[in-house]
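A quick write-up on the structure given underneath.
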Amino acid sequence: MNIESSIKFHSLPVDAPLRITSPFGQRDTGIPGATTYHSGIDLGRDIYKPETRILAVAPGTVAESYWNDYRGWVSVIQHRDYRTLSQHMKYKGLSAGTKVETGQVIGIMGNSSDPDKLKVAVHLHFELQFGGVPIDPEPYLKNVQEEEYDLTETEVRAIVRDELERLEIFTNGGSRPSDWAAGFWKWGTENGITDGSNPRGLCTREQTVTMLKKLYDLIGSESAVE
Ligand SMILES: [Zn+2]
């Protein structure tokens, strides 16, 4: 299987600017003559926030959640063809079997470990494993790609049909669109989705914004607004 095409991150693993404090691979420990192999990379915390959150880089399922004296609280997430591992988390992570979405908070950055064995500063040790082998995550962290979402024709048709039914109710003496669509209208205007105009008058502006809101919810991403 081709590694390049199998691994895609849709989110950074931290809600902080990307700051790599220690790269992957051989590194100098500061002890003369000794080097160690770093099986992941270390990411720094956001210095402007009291806590830095650890995020899922893609959809997946929590495969392991455990304590290790050297690694502290560890969380391993199984993505489609690869795994990501976070260690030194402040608290125990989500239970094994929990499904996670892209960008979901899976833990808080910490410095957990048994201090008699290893003392570390607050940071995230992040690993990427493909076929059980750790590989360098840096290229993927620098190439985070927005998730693609393919709406099916059936999903779009269902939304439009729903709105046409509402129009039917309205024209047959039902409640005015502005009443039932108040929440949608508020969302649309607050997020700059609509300028309030109703070009061509084929559907009401409330219906238009309602359809957009439903599509937005279906996509489940803030990217539709940004
Ligand atoms: Zn590390």
Side-chain angles (χ1 to χ4, degrees), residues 3-4 6-96 98 100-145:
I3 294 182
E4 295 296 316
S6 301
I7 302 174
K8 231 172 241 154
F9 291 173
H10 300 299
S11 165
L12 282 177
V14 287
D15 70 341
L18 184 61
R19 190 160 57 88
I20 298 170
T21 56
S22 180
F24 179 86
Q26 295 295 335
R27 65 177 174 181
D28 193 346
T29 56
I31 302 162
T35 54
T36 57
Y37 187 72
H38 194 208
S39 55
I41 60 174
D42 294 341
L43 301 177
R45 67 187 184 90
D46 186 337
I47 56 169
Y48 296 106
K49 285 192 278 196
E51 286 187 329
T52 302
R53 301 184 297 175
I54 304 169
L55 313 174
V57 296
T61 305
V62 179
E64 293 175 48
S65 179
Y66 62 90
W67 171 267
N68 172 286
D69 287 350
Y70 294 92
R71 290 172 172 255
W73 286 117
V74 178
S75 173
V76 180
I77 297 184
Q78 175 74 51
H79 305 283
R80 209 169 42 170
D81 300 316
Y82 61 93
R83 287 185 166 204
T84 52
L85 177 148
S86 302
Q87 74 181 46
H88 302 308
M89 301 203 307
K90 191 171 183 179
Y91 311 107
K92 187 177 184 356
L94 303 169
S95 320
T98 308
V100 296
E101 296 300 324
T102 299
Q104 188 175 328
V105 178
I106 58 163
I108 303 296
M109 195 187 278
N111 64 342
S112 63
S113 68
D114 179 342
D116 291 337
K117 295 179 175 161
L118 180 71
K119 272 198 173 78
V120 292
V122 172
H123 75 285
L124 172 65
H125 171 90
F126 178 77
E127 290 186 16
L128 169 62
Q129 301 166 354
F130 188 81
V133 180
I135 58 173
D136 187 2
E138 189 168 334
Y140 305 98
L141 292 175
K142 292 185 167 166
N143 188 28
V144 171
Q145 293 174 8

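Counting starts at 1 for both ligands and their atoms, following the listed order. Note that the coordinates shown come from a computational prediction; the quantities given were computed from them, not determined experimentally.
- The side chain to side chain donor-acceptor pair (under 3.5 Å) test applied to Asp69 returns Trp67, Lys117, not counting sequence neighbours.
- Lys119 pairs by the salt bridge (charged side-chain N to carboxylate O under 4.0 Å, His left out) definition with nothing, not counting sequence neighbours.
- By the 4.0 Å N-to-carboxylate-O rule, Arg45 lies too far from Glu51 to be salt-bridged with it.
- Protein atoms of type N/O/S that fall under 2.8 Å from the Zn ion (ligand 1) number 3 in this view.
- Checked against the 6.0 Å centroid threshold, Phe24 and Tyr37 count as a close aromatic pair.
- One finds the CD1 atom of Ile77 at 5.0 Å from the OG1 atom of Thr84 (value rounded to the nearest 0.5 Å).
- Residues satisfying the side chain to side chain donor-acceptor pair (under 3.5 Å) criterion with Ser11, sequence neighbours excluded, are absent altogether.
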